[in-house]
Structures are given as structure tokens and as C-alpha cells.
Enquirer: 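Shown below is the structure under consideration.
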Amino acid sequence: MKTITLKSNIQLCKPEELSEEEQTLIKKAIEATKTSYAKYSNFKVGAAVLLSDGNIVTGSNQENASFSMTMCAERNTIFAANAMYPDKGVVTLCIAAKNVNNVLLNKPISPCGACRQVILEEEERYKHPVKLLLYGTEGVYVINTIRDILPLAFIDDDMK
Ligand code: THU
């Protein structure tokens with residue numbers, strides 16, 4: 001039997017170590033938490049995406065009394081950006097979240113499995129990586145491609 005070891009590359013940064021554009025994206029993701037509709041969890045997630053032409057689109061989680069209809073901030077934002085600018089892919093995605101006390105989290109959260117799959121599709125569709133900035137008040141996780149946190153991913157090529 002052979003062991004296959006999968007590695008993840010994640011950097012922990014202070015916002016000031018990031019580019020101006022990336023710092024703007026963080027501010028926009030934090031700001032976007034205010035648009036969250038989190039009636040059931042009270043967990044407010046904001047997202048901001050930078051597109052290949054420099055445009056920024058923001059979004060947030062939107063919940064529903066039928067809980068499974070809830071949509072995460074990441075997917076709402078990516079889908080909105082793709083619908084608005086179908087020719088421009090997401091190059092960077094930033095997320096920030098506030099807890100039930102409306103306080104920004106000190107440790108970053110990372111995209112759920114469903115969002116990771118959607119981010120992977122974004123990379124495949126636009127043929128470039130999506131850089132992730134996962135914001136926490138104590139530091140930002142920087143991940144250069146979703147593949148770093150989605151090992152053994154399923155893509156269209158697997159069906160050929
Ligand atoms: N949520 C997101 O929007 N993004 C994540 O990465 C994790 C979870 C939302 C979904 C739901 O509205 C709330 O957070 C609690 O799960």
C-alpha cells in the first residue's frame with residue numbers, strides 16, 4: 001500500500017503586508033457583512049471579489065426560514081459577479097464574518113465545501129487561480145488557489 005500525502009499552502013498575513021487593492025477588498029468584505037440577512041444564525045458573512053478587469057463586486061449570506069435554501073456569501077457574490085460580468089473571472093475573493101454579537105471574528109472562517117466546489121468551477125471556467133483572503137482581526141489567511149484547500153477535487157475533465 002502507498003500513502004499519498006496532500007499538502008496545503010496557507011500564509012498568515014497582516015493586512016498591511018497585502019497590496020492596496022487587497023486591503024480595499026478586505027474593507028469591502030467587512031462592509032458587506034452589513035448587507036447579510038442572517039435572521040436564523042445571526043452569523044453575518046460578507047464577501048468581496050476582485051475581477052480580472054479591476055471591478056469589485058460584494059455580497060453576503062442570505063438566509064431562509066426553510067434553512068437549506070440559505071445561500072453563503074461566497075456563492076452569492078461569485079454568481080452575481082459572473083452574471084454581471086460574464087467575461088471577467090474572479091481573481092481574488094475575500095470573506096469576513098461577524099459573530100452573533102455582531103463582532104468581527106478574530107480567526108478567519110473558510111469557505112464551506114459547496115462554496116469550494118463553486119470556486120473551483122470559477123478557476124476552471126476562467127482558466128486562472130482564485131486567490132482567497134480569509135479575514136480575521138488577528139490575521140488574514142492567504143491561499144493562492146482553491147486547490148490548496150480542496151484536495152482530490154472533481155472537475156469536468158474527470159468525466160472525459
Ligand atoms: N456562511 C457563509 O456565508 N459562508 C461561509 O463560509 C460559512 C457559512 C453562512 C451560511 C449561513 O447563513 C451562516 O453562515 C451560518 O452557517
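These figures come from a predicted structure and were not determined experimentally.
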Enquirer: Would you find a donor on one side and an acceptor on the other, under 3.5 Å apart, between the side chain of N61 and the backbone of T70?
Expert: no
Enquirer: For P15, is there any backbone N or O sitting under 3.5 Å from a side-chain donor or acceptor partner on Q23?
Expert: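 Yes.
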Enquirer: Without swapping roles, check the side chain of E74 against the backbone of A47 for a donor-acceptor pair under 3.5 Å.
Expert: no
Enquirer: Could you walk me through whether L132 and I146 pass the side-chain contact (heavy atoms from CB on, under 4.5 Å) check?
Expert: CA-CA 7 Å; L132 305 176; I146 194 65; 3.8 Å; yes
Enquirer: Is there a donor-acceptor contact under 3.5 Å from the side chain of N82 to the main chain of P86?
Expert: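 Judged by distance alone, no pair lies under 3.5 Å.
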Enquirer: Counting C-beta onward and ignoring hydrogens, is there a side-chain heavy-atom pair between V142 and I10 closer than 4.5 Å?
Expert: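 Contact flag for V142/I10 side chains = no.
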Enquirer: For the residue pair V49 and T92, establish whether any side-chain heavy-atom pair is separated by less than 4.5 Å.
Expert: no
Enquirer: For a side-chain contact (heavy atoms from CB on, under 4.5 Å) check, start with the C-alpha distance between K88 and Y126, then their side-chain angles and the critical distance, and finish with the verdict.
Expert: CA-CA 8 Å; K88 307 290 170 194; Y126 293 99; 5.8 Å; no
Enquirer: Could you measure the distance from the OG1 atom of T145 to the NE2 atom of H128? Nearest 0.5 Å is fine.
Expert: 11.5 Å
Enquirer: Identify whether the distance between the nearest side-chain nitrogen and carboxylate oxygen of E22 and K131 falls below 4.0 Å.
Expert: yes
Enquirer: Run L51 and V90 through side-chain contact (heavy atoms from CB on, under 4.5 Å) and show every step you take.
Expert: CA-CA 4 Å; L51 304 184; V90 171; 3.7 Å; yes
Enquirer: Using every non-hydrogen atom in the two residues, find where S110 and R116 come nearest and quote the distance to one decimal.
Expert: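 For S110 and R116, the tightest heavy-atom pair comes out as OG-NH2, 3.0 Å.
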Enquirer: Tell me, do K160 and D157 make a side-chain contact under 4.5 Å, heavy atoms counted?
Expert: yes
Enquirer: Run the numbers on N9 and N144 for side-chain contact (heavy atoms from CB on, under 4.5 Å), then give the verdict.
Expert: CA-CA 8 Å; N9 294 309; N144 288 319; over 6 Å; no
Enquirer: Is R147 paired with E124 through a side-chain N to carboxylate O contact shorter than 4.0 Å?
Expert: yes
Enquirer: Do T58 and E31 pair up side chain to side chain, a donor and an acceptor below 3.5 Å, judged on atom types alone?
Expert: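 There is no such pair (donor and acceptor under 3.5 Å, judged by atom type) between the side chains of T58 and E31.
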Enquirer: Grouping I, L, V, M, F, W and Y whenever their side-chain heavy atoms are under 4.5 Å apart, do L25 and V130 come out in a common cluster?
Expert: no
Enquirer: Indicate the atoms forming the closest heavy-atom contact of L134 with I109, along with that distance.
Expert: CB-O, 3.6 Å
Enquirer: Quick check: closest heavy atoms across C112 and R75, and the distance to 0.1 Å?
Expert: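 Scanning both residues completely, I find the closest heavy atoms to be SG-NH2, 4.0 Å.
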Enquirer: Might you point out which heavy atoms bring G59 and T77 nearest each other, and give the distance in Å?
Expert: CA-OG1, 3.1 Å
Enquirer: Do F79 and L50 belong together in a cluster built from hydrophobic side chains that touch within less than 4.5 Å?
Expert: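 Different clusters: F79 never reaches L50 through Ile, Leu, Val, Met, Phe, Trp or Tyr contacts under 4.5 Å.
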Enquirer: Verify, without hydrogens or angle tests, whether Q117 (side chain) and A114 (backbone) share a donor-acceptor contact under 3.5 angstrom.
Expert: no
Enquirer: Do I26 and I95 share a hydrophobic cluster (ILVMFWY, side-chain heavy atoms under 4.5 Å, transitive)?
Expert: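 The answer is no; the residues belong to distinct hydrophobic clusters.
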Enquirer: Answer with yes or no whether the hydrophobic clustering places I78 together with L150; edges join I, L, V, M, F, W, Y residues whose side-chain heavy atoms lie under 4.5 Å apart.
Expert: yes
Enquirer: Is the shortest heavy-atom distance from the side chain of L12 to the side chain of V140 under 4.5 Å?
Expert: no
Enquirer: Please answer whether the main-chain N or O of A73 pairs with a side-chain N or O of N76 as donor and acceptor at a distance below 3.5 Å.
Expert: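 Side chain of N76 to backbone of A73, a donor-acceptor pair under 3.5 Å: no, none is there.
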Enquirer: Of all the heavy-atom pairs spanning A48 and A29, show the shortest one and how long it is.
Expert: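 In this case the closest contact between A48 and A29 is CB-N, 3.8 Å.
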Enquirer: Please report the interatomic distance NZ(K107) to OG1(T137), rounded to the nearest 0.5 Å.
Expert: 8.5 Å
Enquirer: Should the heavy atoms of other residues, nucleotides or ligands under 6.0 Å from NZ of K44 be counted, would the total exceed 12?
Expert: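 More than 12 heavy atoms, drawn from other residues, nucleotides or ligands, come within 6.0 Å of this atom.
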Enquirer: I'd like to know if the side chain of N99 and the backbone of N101 have a donor-acceptor N/O pair within less than 3.5 Å.
Expert: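 A pair under 3.5 Å: yes.
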Enquirer: Count the heavy atoms of every other residue, nucleotide or ligand shown that sit under 6.0 Å from CD of E138, and state whether that count exceeds 12.
Expert: yes
Enquirer: So, the side chain of Q62 versus the backbone of M71: is there a donor-acceptor pair under 3.5 Å, distance only?
Expert: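 Between the backbone of M71 and the side chain of Q62 there is no qualifying donor-acceptor contact (under 3.5 Å).
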Enquirer: So which heavy atom on I149 is nearest to which on P151, and how close?
Expert: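 Taking every non-hydrogen atom into account, C-CD, 3.5 Å.
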Enquirer: Would you mind reporting whether P111 and C72 have side-chain heavy atoms less than 4.5 Å apart?
Expert: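 No; the side chains remain at least 4.5 Å from each other.
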Enquirer: Say you draw a straight line from NZ of K98 to NZ of K34; how long is it, rounded to the nearest 0.5 Å?
Expert: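 Here the interatomic distance stands at 5.5 Å.
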Enquirer: If I take atom SG from residue C13 and atom OH from residue Y141, how far apart are they, to the nearest 0.5 angstrom?
Expert: 11.5 Å
Enquirer: Is Y85 linked to I119 within one hydrophobic cluster, defined over Ile, Leu, Val, Met, Phe, Trp and Tyr using a side-chain heavy-atom separation of less than 4.5 Å?
Expert: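 Per the 4.5 Å side-chain linkage, Y85 and I119 are co-clustered.
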Enquirer: If we ignore hydrogens and angles and just use 3.5 Å, is the side chain of T33 paired with the main-chain N or O of A97 as donor and acceptor?
Expert: no
Enquirer: So do P108 and Y135 actually touch side chain to side chain, heavy atoms under 4.5 Å?
Expert: no
